[in-house]
Number of protein chains: 4
Amino acid sequence: MRLRDENKRKLIVQTAIRLFSEQPFHKVRLDDVAEAAGVGKGTVYIYFKNKEELYYSLVYEGLAELVERCRAKIAEQPTSYRENFLVIIEGLADHAVHHPQLFEIMRTVAIPDASSMWDAKRREFSELMEEVIRHGIAAGEFADPHPERTAKYFMAMIRAVMLYGSGVTDPKDLAAHVSSTLLGGIAKKSP
Amino acid sequence: MRLRDENKRKLIVQTAIRLFSEQPFHKVRLDDVAEAAGVGKGTVYIYFKNKEELYYSLVYEGLAELVERCRAKIAEQPTSYRENFLVIIEGLADHAVHHPQLFEIMRTVAIPDASSMWDAKRREFSELMEEVIRHGIAAGEFADPHPERTAKYFMAMIRAVMLYGSGVTDPKDLAAHVSSTLLGGIAKKSP
Amino acid sequence: MRLRDENKRKLIVQTAIRLFSEQPFHKVRLDDVAEAAGVGKGTVYIYFKNKEELYYSLVYEGLAELVERCRAKIAEQPTSYRENFLVIIEGLADHAVHHPQLFEIMRTVAIPDASSMWDAKRREFSELMEEVIRHGIAAGEFADPHPERTAKYFMAMIRAVMLYGSGVTDPKDLAAHVSSTLLGGIAKKSP
Amino acid sequence: MRLRDENKRKLIVQTAIRLFSEQPFHKVRLDDVAEAAGVGKGTVYIYFKNKEELYYSLVYEGLAELVERCRAKIAEQPTSYRENFLVIIEGLADHAVHHPQLFEIMRTVAIPDASSMWDAKRREFSELMEEVIRHGIAAGEFADPHPERTAKYFMAMIRAVMLYGSGVTDPKDLAAHVSSTLLGGIAKKSP
DNA sequence: AATGAATGAGAGTTCATTCAT
DNA sequence: AATGAATGAACTCTCATTCAT
């Protein structure tokens, strides 16, 4: 009796991320995933109930890692919220640059079912960001009539550049731009 | 694929938009589209080469309408670029609120093939927006080190709120927030 | 547009009867049925919801034909119930000899679900036979404490011989034996 | 297939009898048998070569027990063949009532392969019954032109009632009816 | 032009069987 | 001996596409 191997699961996940980021869901065959991962077709079904669950697992786990990373950044003591803001967006951009495939997968993910786990994770991320803004407002550093909307802008902006920008490779640069745009806007200040 | 009856074509398109915005590509059957549109299955093939082309037609036509609308706004004489900025974003938000399904479809559209018609249309939109910013910079009203990125933020921000914000119904309000965030940022100005 | 062809359905049914009588359910592949019938695999699914429904259709239709045949025999005016008895069993035996495969299929049919159509048909047959016996009792020709059981013996006896007897080919002979056994028994009458 | 632990084998057999009598062959998964029996899946393969052999073992062993039981009845000295007849049928009915699942399995057992062990056992049973009738004929108590057929009627009649009769619980009553029908028939004797 | 019956390649999934532990 | 993770052949069923009518 072989023992259930957590590495095997990870192997399947990594392979699936690659394939699903290259092709849309319906063009990726489970046979391909299995073969590319070097496991039997049935093995995939030991670790994932079906193709759809495999797919959503990728989204969920990708988001979960992102949330964790941001949570860690936020936990650090802020000197000022403005500076902290940049750090968080940097973390987000860094993650995006290092996992560009996950952004692609998140983009094509199907209509969110309110009950789905991955959608809950997405909302968790959104609420985390919202909280940051609200703290900044409370501290008198930010002014925003719709923090819940601005919270959604973070990832949207980074994603837009990741998906359609031609090969961003410097997360710091990207983060700086997003951060300065969100904080200061592009309108020239009258002196 | 002859286009005899333009009304019939529109009927199919409208039906397809609805179905594709409710289900991911692979879960929408051509039978469903035909039945919901009240035409025979074969009829769809008279107007569209195949399922994929039908799908991309929706994206393309949706984007084309959007580009047209923005182009019209831009053509209007600007009083100031700042004010014009709001008008354009209002047009974009208005379109989004009135065609939420198209946004859903655009979101899930498959990996862009650089040669695809719809992707060209997407780039066209992006370039249009970039041009607006560059004009503003030239006029001394805007300052932006990466107008090509900011151009991508427009739709991304609106889309983020459309998709995940709970039922935005006032395009003016949405546009005002996006516009003020992009223009002035959320950082409190020191007096 | 081709018209739905009732002959095509019959073709599939006939082919399926043959294959299911040669192999147990799980060894018959739908591909084989389709290929043997000379139709596409998908065509079978136009006429039957799935493999199981195809299978039960055979049983149902076989039984329905049998019931019809017996009903016709019974409708004929009886001279005496004893004589009539033979005629019915002859009909039954005749049917069995001409459709030996249906008996094989009926034998292997899965556990009857009380709600299944084919089982209702089976009960209909049983009740028909029971009625015959009861009429005979009423007419003073038969004496039987359990007509509902005897009704079940009819087909069971014929089936037993059909399935395990080595190639009965004369239905009259088979019917005569069943009939005389049921009517007179095998015990030698003391003179 | 080594038979180390005879109890474990019996456990598997008993579990399999239950499951196979509830579902047709192809719906019973070996996993289910193993789990229901509380043993590992691989363990079943230690005691039985494969699923088919497990299945046929049930049939074979069920028939073997039945044959043994009848042989014992027959071995007893007959007072008269008529009386002895009843005793044998009673044994058969008794067995049926106490092992209804085995009757269900025997019914659905696949097409007999003349070379299969279980079919040989079935023939053995048939021949045993035939012999009883022939002895009766030789003793002048019975008259039957086709003892080989009547031999097949025994079990068929009991089975018919077992399978489709609504819950027979009294084997004596069932045996009495089968016996009297076979011996004396249902036709009213003219005085 | 319009249809929907027919098709069959191809996909997801199952499950009997194996075998490392 | 016992196990259950791993396997992949084989299965059912779907559905985009075709084409006779």
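Computed from heavy atoms alone, side chains included, the values below leave out hydrogens, waters and symmetry copies. Since we're looking at a predicted model, the values are computed, not measured. Naming: A, B, ... by sequence-line order, numbering from 1 per chain.
Taking atom CD1 of residue D:Ile46 and atom C1' of nucleotide F:dT3, one finds them 8 Å apart after rounding to whole Å. One can place CD of C:Glu35 at 13 Å from P of F:dC11, the figure rounded to the nearest angstrom. One atom, CG of B:Leu54, and another, C1' of F:dC15, lie 15 Å apart when rounded to the nearest Å. Spacing between atom CG of A:Asp32 and atom P of E:dG10 amounts to 12 Å, rounded to whole angstrom units. If you take CD1 of C:Ile12 and C1' of E:dT7, they are 12 Å apart, rounded to a whole angstrom. To the nearest angstrom, P of E:dA6 lies 13 Å from CZ of C:Arg9.
Within the 3.5 Å criterion, the main-chain N or O of A:Glu35 finds no donor-acceptor partner in the side chain of A:Lys41. Here the side chain of A:Lys121 pairs no donor or acceptor atom with the backbone of A:Gly62 at under 3.5 angstrom. A donor-acceptor pair is defined here as one N or O able to donate and one able to accept, closer than 3.5 Å; no such pair exists between the side chain of C:Lys49 and the backbone of C:Leu54.
Closest non-hydrogen pair, C:Ala36 versus C:Thr15, comes out as CB-CG2, 3.4 Å. Across every non-hydrogen atom of B:Ile17 and B:Leu102, the tightest pair is CD1-CD2, 4.1 Å.
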Does B:Leu30 form a side chain to side chain contact (heavy atoms under 4.5 Å, CB included) with B:Tyr45? I'd like the steps, not just the answer.
CA-CA 10 Å; B:Leu30 237 131; B:Tyr45 281 87; 3.7 Å; yes
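Both key distances under 3.5 Å define a Watson-Crick or G-U pair, and stretches of 3 or more such consecutive pairs in DNA chain E run E:2-21 with F:2-21.
Salt-bridge check for C:Lys27 with D:Glu52: passed, with a basic side-chain N closer than 4.0 Å to an acidic carboxylate O. Residues D:Asp5 and D:Arg9 are not paired through a salt bridge, judged by the lack of any N-O separation under 4.0 Å between the basic side chain and the carboxylate.
Using a 4.0 Å heavy-atom distance criterion, A:Tyr47 is classed as a sugar-phosphate-only contact.
Taking the side chain of A:Lys8 as heavy atoms from C-beta on, and the options F:dT7, E:dT3, F:dT3, the nearest nucleotide is F:dT7.
In this structure, B:His26 and A:His26 have parallel ring planes: the angle between them is below the 30° cut-off, well short of the 60° mark.
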Its contact letters, B for base, S for sugar-phosphate only and - for none at protein heavy atoms under 4.0 Å, make nucleotides 13-18 of chain E read BBSSBB
